[in-house]
There are 2 protein chains.
Amino acid sequence: MSSSGDCRYVSSMTNRFISKLNGLVPLTASDIAILEDAAARPREYQPRQDLIREGDEPGPMFVVLEGWVCRYKILPNGARQIMAFLMPGDGCDLHITLLNEMDHSIQAVTKATVATISKDEMSEMLATHHNIARAMYAAQLIDEGIMRAWIVSIGRRNATERVAHLICELYIRARSIGLADEGEFALPLSQAVLADALGLTAVHVNRILKELRVAGAMSIKRGSVTILDPIALIQIAGFDENYLHRRMRRAG
Amino acid sequence: MSSSGDCRYVSSMTNRFISKLNGLVPLTASDIAILEDAAARPREYQPRQDLIREGDEPGPMFVVLEGWVCRYKILPNGARQIMAFLMPGDGCDLHITLLNEMDHSIQAVTKATVATISKDEMSEMLATHHNIARAMYAAQLIDEGIMRAWIVSIGRRNATERVAHLICELYIRARSIGLADEGEFALPLSQAVLADALGLTAVHVNRILKELRVAGAMSIKRGSVTILDPIALIQIAGFDENYLHRRMRRAG
DNA sequence: CGATCTCTTGAGTTCCCTCAACTTAGGTGG
DNA sequence: CCACCTAAGTTGAGGGAACTCAAGAGATCG
């Protein structure tokens with residue numbers, strides 16, 4: 001199907017996904033080979049392009065290789081709420097094909113490269129490669145933890161705390177996949193997108209960002225966040241470093 | 001281990017769990033037998049008693065047989081946010097033992113009967129009984145859908161819509177496990193608990209409930225909800241019936 | 001039958017929203 | 001390269017939804 005050149009290309013593009021899984025559960029060469037094979041043939045999406053829409057029949061599992069993607073839902077009144085950000089290496093629900101239809105949409109936030117893993121390949125991998133299965137289940141548990149943290153943030157934190165908390169989360173996630181320098185990382189999200197994720201308005205997000213900048217905690221310019229005072233930011237956010245479960249339990 | 005009397009008792013208590021799974025994916029007699037066996041030895045919890053606390057090492061999977069249970073988290077400032085309600089038949093995260101420690105607590109809201117399934121029993125069942133695995137994965141996907149719906153509600157609905165939406169969700173869930181009559185069901189949650197789930201204060205929940213009562217949409221008394229005008233309530237909530245995925249996709 | 005929890009209602013405050021205008025940045029074509 | 005266009009960011013003024021504080025009524029239980 002693909003030349004050896006293609007294979008190397010695919011291999012390099014799937015690195016983030018594989019290395020993320022490998023960080024959760026050590027993978028063998030055979031695991032990595034089957035993963036590289038499964039997540040081949042990536043596709044490009046433009047900003048604001050939907051990967052799949054609410055109401056659609058779920059297809060293959062998505063794996064983000066490059067760029068940012070989000071899950072979102074539009075309410076009858078036109079308001080939008082983003083429920084999750086997917087960064088390079090992140091995948092969507094494992095068993096999604098069990099459901100009849102999508103209850104939300106998934107959209108590229110930036111230009112994004114996304115691979116797909118067919119249902120059959122998934123079943124095969126989960127059944128025969130236990131390390132892959134364990135790693136994917138661990139990744140899914142982490143994603144669920146993030147969702148719960150978002151509920152807590154939106155429900156009980158004020159706007160300042162909420163912004164700070166999201167930035168902390170995204171910084172940790174970016175760093176764990178090698179996309180953050182010390183105290184700085186690329187955040188290609190407009191204030192409107194941040195607002196849709198935080199349950200705020202873009203205007204208010206703008207004011208909060210100014211407040212955090214003036215307070216010397218962090219600043220955003222040109223799609224890049226600089227964390228000026230990590231201690232202060234963590235303090236404002238009430239951020240619990242451990243919630244992203246960066247240390248997995250030993251296999252047993 | 002247990003007498004036949006015990007077995008029958010257990011069997012009746014696990015009915016809701018098994019019948020819920022059976023509603024998602026048809027189970028064989030053998031599936032049902034192994035489930036009854038695995039979810040034996042239930043334990044009683046008192047209201048406000050924790051099943052497990054944030055920071056604890058995850059143990060076996062919990063399955064609620066009777067009563068209401070919630071996931072929650074307490075913030076540094078003392079505020080509490082409930083992230084999920086578990087009703088009879090609901091279970092906790094399948095692969096939770098992959099994680100090092102709990103990132104939230106789980107607590108009985110009412111007096112509750114809860115069974116546990118050990119890690120080994122779970123692995124065994126998931127590996128050898130594909131119907132059970134499919135049903136449990138479907139249940140988990142539904143729970144994730146509910147979490148996403150909560151993010152949307154808390155993020156983008158006002159208090160009235162939020163209360164109405166939660167009541168719609170809980171009514172559908174109660175009805176699907178046979179715990180709701182036509183337009184009426186038991187809701188053993190104080191206004192403070194509702195507030196903690198909705199990201200509101202108890203005082204405001206009280207005002208909203210009055211508003212909904214006066215509007216003739218629904219009324220709560222003595223732990224029981226009466227839906228007076230379902231159409232109006234659904235309309236206020238902007239409720240999408242399909243989000244609970246009550247129709248699973250056919251096995252393929 | 002007092003103690004305690006839950007519910008209810010009022011008054012005042014605050015956080016965030018809405019609306020609106022203006023500035024800045026980035027992209028495109030003449 | 002400038003002129004234009006559009007999207008994104010910034011700031012102000014005013015309003016409203018939800019919060020806080022407080023006090024009292026009602027229910028539940030030992």
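Below, chain A is the first sequence line, B the second, and so on; all start at residue 1.
Here D:dA18 presents its C1' atom at 18 Å from CZ of B:R157, a figure rounded to the nearest Å. Rounded to whole Å, atom P of D:dC19 lies 10 Å from atom CZ of B:R207. To the nearest angstrom, P of C:dT8 lies 13 Å from CG of B:L212.
Residue A:V203 has its side chain nearest to C:dC19 when only C:dC16, C:dC19, C:dT6 are considered. The B:N206 side chain lies nearest to C:dC7 when the options are C:dC19, C:dC7, D:dA18. Nearest to the side-chain atoms of B:H204 among the listed nucleotides D:dT10, D:dA18, C:dC16 stands D:dA18.
Side-chain N/O atoms of B:Q191 include one lying less than 4.0 angstrom from OP1 or OP2 on C:dT8. At least one side-chain nitrogen or oxygen of B:T201 sits closer than 4.0 Å to the OP1 or OP2 atom of D:dC19. Put simply, A:K210 has no side-chain N or O that comes within less than 4.0 Å of OP1 or OP2 on D:dT10. For A:R222 and D:dA8, the shortest distance from a side-chain N or O to OP1 or OP2 is not below 4.0 Å.
Using bins of under 30°, 30° to 60° and over 60° for the plane-to-plane angle, the ring pair A:F85/A:W68 lands in the perpendicular bin.
Side-chain contact between B:Y72 and B:H104: absent, with no pair of heavy atoms (C-beta onward) separated by less than 4.5 Å. Counting only heavy atoms from C-beta outward, the side chains of A:Y45 and A:I106 never approach each other to under 4.5 Å.
Salt-bridge check for B:E66 with B:R16: passed, with a basic side-chain N closer than 4.0 Å to an acidic carboxylate O.
Of the residues near DNA chain C, B:R156 and B:R48, the one whose nearest nucleotide (by heavy atom distance) lies more toward the 5' end is B:R48.
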